[in-house]
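Beneath this line is the structure, given in structure tokens, with notes to follow.
Throughout, protein chains are lettered first and strands after them, A, B, ... in sequence-line order, and every chain is numbered starting at 1.
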Amino acid sequence: MEGNKLQRQAACMRNALFDQGYLDEQFIQLEDLQDEANPNFVEEVVKLFYSDSARFIRNIDLTLNNSPSDFVKLDNIMHQFKGSSSSIGAKKVKQRCTQFQEYCKIGNFEGCMRTFQEVKQEHAALKKKIESYLQVARQAR
Amino acid sequence: MHLEVNPVPFAGSTASSWKSGGGGGVVSDQFPAGLRVLVVDDDPTCLRILEKMLRNCLYEVTKCSRAEVALKLLRDNKDGFDVVISDVHMPDMDGFKLLEHIGLEMDLPVIMMSADDSKRVVMKGVTHGACDYLIKPVRMEALKNIWQHVIRRKKHEWGDHNEKDVEQSGSVEDGERQQKQLSENDDYSSSANEGSCKNSKKRKNEDEEGGERDEDSSSSKKQRVVWTTELHQQFVTAVNQLGIDKAVPKKILDLMNVQGLTRENVASHLQKYRLYLRRLSGQHHNGIGNSFMGPTDATFGQLTSVNGLDLQSLASSSSQLSPLGRSTNRTPVSVPLNDPRNIFSFESPNIRFVHGQQQQQHNGVNRGNLLHGIPTNMNMPIHPHSSQSNSLLTQMVQPPQQRNQIFNDGVFGQNGIDGFAPAYTSIPQPSSVVDFSRSQRTFSTPVNNNFGIAGLASSNKGMLPQHDIGSEINGFVPTCDVFTDVNQNNNRTDDWGFQSVGPTTFEAPQHLNVQSGGLVNNSNLVPQNIPSDSLSRIRGERLPDVGFQNSLFSDQDDDLLSTYIKQNHQDGSFDNEFGFDGYPLDDLPV
């Protein structure tokens with residue numbers, strides 16, 4: 001039946017997200033919070049994250065361009081971004097954030113730039129995948 | 001007493017019911033449902049998640065994205081909340097600052113949160129009086145048990161006679177058991193962090209040590225005394241008159257001659273005051289060089305700006321930090337946590353200074369007031385090396401000078417402690433002196449067992465100028481254990497007025513010795529051989545910007561403890577950057 005098929009598909013997509021390292025157990029915490037009173041909690045939070053994280057990305061971009069040697073500032077912004085990412089279980093994004101912070105610590109601008117690109121990539125990749133998954137999951141419900 | 005908590009509508013009844021716990025008797029079946037939590041975080045994603053988690057715990061949640069707004073909410077609704085959870089990094093106000101404010105004004109338990117799990121920051125939470133520290137991403141389990149902090153604090157206030165039944169062990173389990181008396185909860189594990197351990201330990205200790213339970217405390221909730229500046233001044237005057245060593249609550253109370261003030265009020269205030277003083281003296285030294293200490297002086301700076309910061313720490317430490325609490329426990333004071341942290345504000349500027357400066361001198365002056373008998377010579381001899389502070393230490397807030405203070409008068413001449421920001425070197429022990437000299441040459445055997453904080457990166461190569469390290473030690477006690485040890489030893493030295501407090505309060509934790517065993521050559525971290533170098537031993541970690549933090553180091557995990565110990569006693573050579581011959585930093589537990 002459609003329902004089952006969708007459910008299976010959703011389950012598959014979900015597993016892939018975990019298996020491929022896009023998401024970690026924190027995401028499960030989110031799922032656990034979803035209940036009848038808040039049936040779209042996960043989706044809501046993910047949306048919130050993506051709308052908010054844009055500003056982090058923007059800020060880092062700006063800082064990298066305008067004050068490239070302000071590693072403290074870069075580290076601070078990234079720290080916040082990382083906190084936010086980790087709260088939804090965005091594993092790969094979080095890893096890149098950590099890497100970025102490492103470069104900040106040693107003051108390696110090149111490394112920061114490079115890693116930041118990766119952060120953005122992971123951030124975007126996850127968005128696509130998770131949104132597709134959530135869409136299917138919602139339909140499957 | 002029966003706490004009537006309604007899971008859903010938390011109106012004033014709920015609020016009052018929680019608070020009217022008084023003697024901490026029976027707790028409603030629904031406990032801890034209805035706990036009124038205020039959560040502050042500028043990240044909307046986290047905020048939303050936390051809110052949902054807390055709601056799932058049946059807590060009553062109010063969320064807030066700005067610290068200023070949170071403060072306003074708290075101010076406008078005194079008694080409207082039971083616990084506050086706040087993020088550390090917020091754009092409009094530093095989380096620690098908010099923590100202080102809350103502690104000062106409302107005396108609510110505050111739980112800090114951050115994605116940053118570096119020891120430095122966690123320590124900062126400890127010293128600022130946070131009753132717990134959660135690492136993000138926060139899990140549901142961590143939030144489930146926050147109610148314990150509320151209960152703990154209330155019990156504390158009530159001078160709960162229930163405590164008599166509580167054993168005195170510092171473990172979390174004990175604390176939990178204690179909690180059990182109050183409620184039927186299954187899961188006591190506190191959130192991942194050392195704080196809870198300390199809290200319970202401290203709480204118990206304090207209660208135990210409280211000795212005579214005052215009539216006041218036994219019945220209903222005690223009236224909270226607000227230690228205004230004037231009142232505090234009277235208190236300080238009385239203490240000074242009696243002499244810090246001889247200042248006992250009863251006498252202070254008599255001298256102060258204030259209506260309505262109980263011996264217990266004075267006792268707890270005294271406890272805090274002592275911690276505060278200790279921290280003051282130790283701050284100079286502590287600030288820097290700790291491996292834990294973050295390199296950010298900035299943080300310190302922030303702290304310094306807050307008056308009463310010390311108070312906060314002091315207050316919080318006394319109430320929350322076991323180690324300090326422990327030490328103070330020995331003194332027969334129950335420690336209701338009053339907030340008047342600001343009373344110490346006049347001292348605060350000095351205390352904080354992490355950044356070494358003349359504050360030391362300044363401190364010295366203050367010290368004079370506060371610390372009787374503490375030879376704070378903060379003659380801050382500016383040790384040349386100190387300035388160098390190795391990269392790590394550099395950040396240490398304090399210039400070596402600070403460290404110098406309190407050292408047994410010049411005994412340590414050489415202090416290798418130079419540059420140790422964290423005043424671990426402050427353990428003024430004669431024996432250490434000897435070590436120093438030795439250590440100077442070798443930079444081995446960290447003397448300061450007090451503080452493993454290697455922060456003192458300053459280039460102490462051998463030159464340990466005279467540090468009054470004694471004071472340093474106050475500031476930072478990596479683990480109470482260590483400190484205890486040190487204190488005990490140190491007490492001989494008269495550096496701190498605290499001495500009287502020290503030995504009594506600190507107990508040398510067994511494990512301390514054990515842990516340090518490897519590192520420390522001395523029997524127990526006793527400052528006997530505390531090469532000043534040890535202070536400078538930097539763990540290679542971020543140095544926490546901690547001046548006062550150190551002092552409030554409560555029961556650290558063994559890990560921390562060992563870290564400190566190792567730091568102190570490390571025989572290795574310091575990183576070259578410190579200009580030392582090197583303590584092998586890699587040995588330092590991370």
Inset, instruction - State whether the side chain of A/Gln26 and the backbone N or O of B/Arg139 hold a donor-acceptor pair below 3.5 Å, judged by distance alone. - result: no
Inset, instruction - Only pairs at least two apart or in different chains count here, so list each side-chain hydrogen bond (donor to acceptor under 3.5 Å, both in side chains) that has a residue in residues 53-65 of chain A. - result: A/Asp52-A/Arg55, A/Ser53-A/His123, A/Asp61-A/Lys120
Legend entry - Taking every non-hydrogen atom, the tightest pair across A/Gln29 and B/Val138: OE1-O, 4.3 Å
Inset, instruction - Determine yes or no for a side-chain-to-main-chain donor-acceptor pair under 3.5 angstrom, with B/Lys136 supplying the side chain and A/Gly83 the backbone. - result: no
Inset, instruction - Before accepting this row, confirm whether a basic side-chain N of the pair B/Lys52/A/Asp35 lies closer than 4.0 Å to the acidic partner's carboxylate O. - result: yes
Legend entry - Nearest-0.5 Å distance, CZ of residue A/Phe49 to CD1 of residue B/Ile49: 10.0 Å
Inset, instruction - Of all the heavy-atom pairs spanning A/Ser87 and B/Pro137, show the shortest one and how long it is. - result: CA-CB, 3.9 Å
Legend entry - For B/Pro44 against A/Leu48, the heavy-atom pair lying closest together: O-CD2, 3.5 Å
Legend entry - Flag side-chain contact, heavy atom, 4.5 Å: A/Leu33 against B/Met140: yes
Inset, instruction - Determine whether more than 12 heavy atoms belonging to other residues, nucleotides or ligands lie under 6.0 Å from atom CD of A/Glu102. - result: yes
Inset, instruction - For residues A/His79 and B/Asp116, determine if any side-chain heavy atom of one lies less than 4.5 Å from a side-chain heavy atom of the other. - result: yes
Legend entry - Contacting moiety of A/Lys94, where chain B heavy atoms sit under 4.5 Å: side chain
Legend entry - Region of B/Asp42 that comes under 4.5 Å of a non-hydrogen atom in chain A: both
Legend entry - chain B contacts, top residue of A/Glu25, A/Lys82, A/Lys47 (heavy-atom pairs, under 4.5 Å): A/Glu25
Legend entry - Best-contacting candidate, A/Ile88, A/Asn38, A/Leu30, A/Val72, against chain B by heavy atom pairs under 4.5 angstrom: A/Asn38
